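Bear in mind that the values here come from a model prediction, so they are computed numbers and not experimental data. Start at 1 and go down the list; that is how both ligands and their atoms are numbered.
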Amino acid sequence: MVGAGLGGMTVAGFLQRAGFAVAVYEQAPAFSRIGAGIILSANVMKVLRRLGLEQMVVDIGIKANCYISRAWDTGDTMYRIDFDAASEARFGGPYANIHRGDLHAVLEKGVTPGSIAFNHQLVGLDETADAIRLVFANGAAVDADIVIGADGVNSKVREYLLGRDPPRYIGMAAHRAIFPTTALRGFEIPDCTKWWGPDRHILVYYMTSRRDEVYAIGVVPHAPFESDAASLPSSRAELLRCFEGFHADLLRVIEVTTDVTVWPIFDRERNDRWSGGRIVLLGDACHPMRPFMAAGGAMAIEDAAILSRCLAQFDEPAEAWRWYEATRVGRVGETQRLSIENSWMRGATDTDWFYCYDPCTAPLRRPE
Ligand SMILES: Cc1cc2nc3c(=O)[nH]c(=O)nc-3n(C[C@H](O)[C@H](O)[C@H](O)COP(=O)(O)OP(=O)(O)OC[C@H]3O[C@@H](n4cnc5c(N)ncnc54)[C@H](O)[C@@H]3O)c2cc1C
């Protein structure tokens, strides 16, 4: 397994439970608590439940009680969904928000201790008739029966499978900030709000059940970045400039932001080839999508659940890959399309097909 991100950790946890010998190779020296939150909807929480991790996410993060879409200028509510016992019963799980660093710490508890090899940046693959060799920047090399490329948007495994093809900059960037709720000095905000402007939007939500930490992510048009850095410093002043003229309720929030950073956003054109030989891809490695539906991580985690089921069911990897792709590409493709459209929960939205889905029990789809 290459990459200890959201999808990689999840598939490792499932495969280890199914009796596979799994090693996870991660380029980073350790997990770090980078400044960002993540939304996990019911379809994801059902997967984490099977790994015994759902309650931990709920305890460390927050079960949001609502999501509200508001118009940037009038503040009018364009869409609202309340999350309560009835919605949990309907969707089969809660809607949770959590700090990404905290989510990683939870996912780490789902894998066998010692199975993640940090400081292992994959630089090459060499497939022979009997095995596939992984070569790392630190000089290490290991042979494996199969390789799961869960190495994100700049996937090296994808490059080996499909050739060099850098991801596409979408012309927008995300300003991200985390700050303590006390900074709002009593000004009350809902658990999760998305403010919709004509060419930009901003999402504000709590990340803890104590509601003591707030995350804001504002996505705006942005010239291409001159550096390759994953993020650059931004500022409260810059965020205020980007959202000038927006409703006073939002500006009250932006005015107290601290530690703002800006991240370029990349995706790829849809390509439904996710496997070949001893290699299979999941998550952003094969379908990075715009973060406008808050669903890229959800798709990686769903992929992990389905892929592990296919590997447990079919002895031949090629057969497992065929069932995995047949089961996943339709749902992922629709999520990619909606993410580009940026229409999810902007107005009346059928959420059932997305939230009610359970990748641990949904029928696997027979390949054509
Ligand atoms: C601004 C923004 C906001 C988002 N918000 C949400 C949200 O609210 N909800 C949601 O579901 N999704 C969200 N997403 C999408 C989500 O973050 C991604 O889709 C998700 O992280 C993909 O998971 P992954 O496991 O495929 O890859 P990643 O989580 O990116 O993990 C890839 C891992 O592989 C490692 N790696 C990379 N190359 C190598 C190599 N050569 N060798 C070894 N290791 C390597 C990386 O270090 C990393 O740990 C958001 C994305 C962005 C950009």
Non-hydrogen atoms of [X] versus ligand 1: any pair closer than 4.0 Å?
X	result
Ile265	no
Tyr25	yes
Met289	no

Could you check which of [options] puts a non-hydrogen atom nearest to [atom]?
atom	options	answer
atom 35 (C) of ligand 1	Arg290, Glu26, Arg158	Glu26
atom 52 (C) of ligand 1	Gly152, Ala304, Ala230, Pro291	Pro291
atom 28 (P) of ligand 1	Gly5, Gly297, Ala300	Gly5

Close side-chain approach of [X] to [Y], heavy-atom, < 4.5 Å:
X	Y	result
Pro198	Trp72	yes
Arg133	Thr128	no
Thr10	Leu107	yes

Do ligand 1 and [X] have nitrogen or oxygen atoms that lie under 3.5 Å from each other?
X	result
Tyr205	no
Ile38	no
Ala298	yes
Leu122	yes
Gly7	yes
Ala28	no
Ala174	no
Gln27	yes

**Request:** Tell me, with the steps shown, if Trp195 and Phe243 meet side-chain contact (heavy atoms from CB on, under 4.5 Å).
**Result:** CA-CA 10 Å; Trp195 292 88; Phe243 290 92; over 6 Å; no
Run the side-chain donor-acceptor check on residues 228-235: report pairs under 3.5 Å with partners two or more places apart or on a different chain.
from, atom 1, to, atom 2, distance (Å)
Ser234, OG, His175, ND1, 2.9
Ser235, OG, Glu238, N, 3.1

**Separation between CZ of Arg90 and CG of Asp84, rounded to the nearest 0.5 Å** =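 That separation rounds to 11.0 Å.
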Scan the side chains in residues 286-294 for donor-acceptor partners under 3.5 Å anywhere in the protein, sequence neighbours excluded, and list what turns up.
from, atom 1, to, atom 2, distance (Å)
His287, ND1, Gly283, O, 3.3
His287, NE2, Asp303, OD2, 2.6
Arg290, NE, Asp267, OD2, 2.8
Arg290, NH2, Asp267, OD2, 3.4

**Prompt:** According to the interplanar angle, ranging from 0 to 90°, do the rings of Trp344 and Phe354 count as parallel (below 30°), tilted (30 to 60°) or perpendicular (above 60°)?
**Reply:**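 Plane angle over 60°, so perpendicular.
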**Nearest neighbour in protein (non-hydrogen) for atom 6 (C) of ligand 1** =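 In this structure, atom 6 (C) of ligand 1 has Arg100 NH2, 3.7 Å as its nearest protein heavy atom.
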**Request:** Before accepting this row, confirm whether a basic side-chain N of the pair Arg168/Glu269 lies closer than 4.0 Å to the acidic partner's carboxylate O.
**Result:** yes
**Message:** With heavy-atom distances below 4.0 Å as the criterion, list the atoms of ligand 1 near Arg176.
**Reply:** 1 (C), 2 (C), 3 (C), 52 (C)
**Request:** Using the salt bridge (Lys or Arg N to Asp or Glu O under 4.0 Å) rule, take Lys63 and Asp191 through it: C-alpha gap first, then chi angles, then the decisive distance, then the call.
**Result:** CA-CA 9 Å; Lys63 265 192 201 186; Asp191 278 359; over 6 Å; no
